[in-house]
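For reference, the structure discussed in these notes is given below.
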Amino acid sequence: QVQLVESGGGLVQAGGSLRLSCASSGITFSLYTMGWFRQAPGKEREFVAGISRSGGNTDYADSVNGRFTISRDNAKNTAYLQMNSLRPDDTAAYYCAVRGGAVAYTESEYDYWGQGTQVTVAS
């Protein structure tokens, strides 16, 4: 049974930082590309960041580029999203997901999803 479990969300002041984690089980994590998405109330789920199987390639949405960093530790079957300089418009539920191909940008292209963790940025 595949499980992805996000953690690390919470309430933070604008300008602050959070580090999200995504722990996986039931898959050979190193064989999967990993992505982070987010969904704000009343909005569609959107791509935030993606990382290749080895961690050698990363990609980011323009809105977070330079502020967020995606990484992974295949030995721990875990991926991370370091979020700095947070803004109120970063408020959303954040989800991790995996797929067997290269980094992709739409949710339909991902095979497995976590339940999400809430990030709230206060102004």
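Each residue takes its place number in the sequence, starting with 1.
At a threshold of 4.5 Å between side-chain heavy atoms, the hydrophobic network of Ile, Leu, Val, Met, Phe, Trp and Tyr places W113 and F29 in two separate groups. Under the 4.5 Å side-chain heavy-atom criterion for grouping Ile, Leu, Val, Met, Phe, Trp and Tyr, Y110 is not connected to Y60 through any hydrophobic cluster. Taking hydrophobic clusters as Ile, Leu, Val, Met, Phe, Trp and Tyr residues chained together by side-chain heavy-atom distances below 4.5 Å, L31 shares a cluster with I51.
Under the 30°/60° scheme for interplanar angles, the aromatic rings of Y94 and F68 are found to be tilted.
Among all heavy-atom pairs drawn from E107 and R45, the shortest one is OE2-CB, 3.6 Å. For the residue pair A79 and W36, the shortest heavy atom distance occurs at O-CZ2, 4.2 Å. Nearest heavy-atom pair across S21 and T78 is CB-CG2, 4.3 Å. Contact detail for L81 and A49: the closest heavy-atom pair is CD1-CB, 4.1 Å. M34 and C96 make their closest contact through CE-CB, 2.9 Å (heavy atoms, listed as atom of the first residue, atom of the second, distance). A92 and A40 get closest at one heavy-atom pair: CB-N, 3.8 Å.
The number of heavy atoms from other shown groups lying within 6.0 Å of CG (N57) does not exceed 12. When the shell of 6.0 Å around CD of Q115 is examined, it contains 12 or fewer heavy atoms from other residues, nucleotides or ligands.
The ring-ring contact (aromatic ring centres under 6.0 Å, His included) with F37 is formed by just one residue from the set F47, Y105, Y95; it is F47.
For the pair R99 (side chain) and D111 (backbone), a donor-acceptor distance under 3.5 Å is absent. The main-chain N or O of S52 is found under 3.5 Å from a side-chain atom of R72 such that the two form a donor-acceptor pair. In terms of modelled atom types and a separation under 3.5 Å, the side chain of D90 and the main chain of V119 share no donor-acceptor contact.
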Kindly determine whether E46 and R38 satisfy side chain to side chain contact (heavy atoms under 4.5 Å, CB included), including the steps that lead there.
-> CA-CA 5 Å; E46 64 175 2; R38 68 185 182 186; 2.7 Å; yes

Side chain to side chain contact (heavy atoms under 4.5 Å, CB included) between D73 and Y80: does it pass, once the steps are laid out?
-> CA-CA 8 Å; D73 185 339; Y80 307 95; 4.1 Å; yes

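In this structure, CG on N84 lies 9.5 Å from CG on L18, to the nearest 0.5 angstrom. Atom OH of Y32 and atom CG of L4 lie 10.0 Å apart (nearest 0.5 Å).
Using a 4.5 Å heavy-atom cutoff, the side chains of Q118 and T91 are in contact. Using a 4.5 Å cut-off on side-chain heavy atoms (C-beta onward), M83 and L20 make contact.
By the side-chain hydrogen bond (donor to acceptor under 3.5 Å, both in side chains) test, N77 pairs with no residue at all, sequence neighbours left out.
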